[in-house]
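One structure is given below, encoded as C-alpha cells.
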Amino acid sequence: CGAGVEWVCDVWENERWYPGAGWKKRMLPGERSAYTDRSGILRRRMNLFPLPDGWTWNGGWEPEVTEKTDKNGFSYATVFTSGWHATRLVSDFVRRRRWVRTRSPCNALDPTRSLDSTVPLLIYVTIVGARGLKGSPDAFVEVAVRRGPV
C-alpha cells in the first residue's frame, strides 16, 4: 500500500471558553459542533472518519502546528466567524485546531480499466461550501466523492 500517493483528511476541533470553567467542547445554541469540517457546517468524528475501500491509514490523527497556531495547534478568535490568530487574547472566547491524518491507496488505479456499465454504481458527493461567501474569509469548496454499491 502507499506507492507515494497520499490524501490528507482533516477534522476541526472547536472549543469555547467559559469563565470559571475553562475551554469546553460545549457550544452556544446555533454554533458549530465540537468536531466539524473546516467550514464548521458538517459534523465529523475522528473515530468514525470513513476510510474508502482499497485505502489504508498511514498513521494516526495529529494536530497541525503552523505559524498560525500555538504549540498545541490551536488558533484563537473572539467568535467563530472572526479572524484567527496563534496567541490567545483576553477578548478571545473560541479556539479551533485542525487534526490531520493521511491515507494511501492499496491498489494502483488502472486508467485503462473501464467500469462495467451493467453494474449499478452509487457515487456520494458532498459539497460543503463555496469560495467567496459574504462575510466568511475561510469559505472554500470541498467535494468528497465516495463510491459504493447501490
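Scope of the values below: all heavy atoms of this structure, side chains included, with no hydrogens, waters or symmetry mates. Note that the structure is predicted; figures quoted are calculated from it, not measured.
Note that CH2 of W12 and OG of S33 are 15.5 Å apart. Values are rounded to the nearest 0.5 Å. Separating the CD atom in E62 from the CZ atom in R101 is a distance of 10.0 Å, to the nearest 0.5 Å. How far NZ of K68 is from OG1 of T87: 14.0 Å, rounded to the nearest 0.5 Å. A distance of 10.5 Å separates CH2 in W23 from OH in Y18, rounded to the nearest 0.5 Å. Summarising the geometry, atom CH2 belonging to W55 is positioned 7.0 Å from atom OG belonging to S104; distances are rounded to the nearest 0.5 Å.
Remark: of the listed residues M27, R97, R95, M27 is the sole one forming a side chain to side chain contact (heavy atoms under 4.5 Å, CB included) with N14.
For the pair W61/F49, a side-chain contact is recorded, criterion being any heavy-atom separation below 4.5 Å from C-beta on. With contacts defined as side-chain heavy-atom distances shorter than 4.5 Å, the pair I41/R32 does not qualify. In this structure, the side chains of W17 and R88 come closer than 4.5 Å at one or more pairs of heavy atoms. Annotation: side chain of Y35 is in contact with side chain of V11 (closest heavy-atom distance under 4.5 Å). Contact of the C9 side chain with the W57 side chain is registered, since non-hydrogen atoms from C-beta on lie closer than 4.5 Å. By the 4.5 Å heavy-atom criterion applied to side chains, L28 and R16 are counted as neighbours. Looking at T36 and R44, their side chains never come closer than 4.5 Å, going by heavy atoms from C-beta outward.
Note on W7 and L51: same hydrophobic cluster, where clusters join Ile, Leu, Val, Met, Phe, Trp and Tyr whose side-chain heavy atoms are under 4.5 Å apart, directly or indirectly.
Taking each heavy atom of V65 and G73 in turn, the nearest pair found is CG2-N, 3.8 Å. A77 and H85 make their closest contact through CA-CE1, 4.2 Å (heavy atoms, listed as atom of the first residue, atom of the second, distance). The minimum heavy-atom distance linking R103 with P50 is given by the pair NH1-O, 4.0 Å. Residues V79 and V94 approach most closely at C-CG2, 3.4 Å, considering heavy atoms.
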- Task: Decide yes or no on side chain to side chain donor-acceptor pair (under 3.5 Å) for E64 and W99, but give the supporting numbers first.
- Result: CA-CA 6 Å; E64 180 181 65; W99 289 85; over 6 Å; no
- Task: Dump the intermediate steps for side-chain contact (heavy atoms from CB on, under 4.5 Å) on T69 and F74, then the final yes or no.
- Result: CA-CA 5 Å; T69 70; F74 282 106; 5.9 Å; no
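For the pair D10 and R98, the salt-bridge criterion is met [side-chain N within less than 4.0 Å of a carboxylate O].
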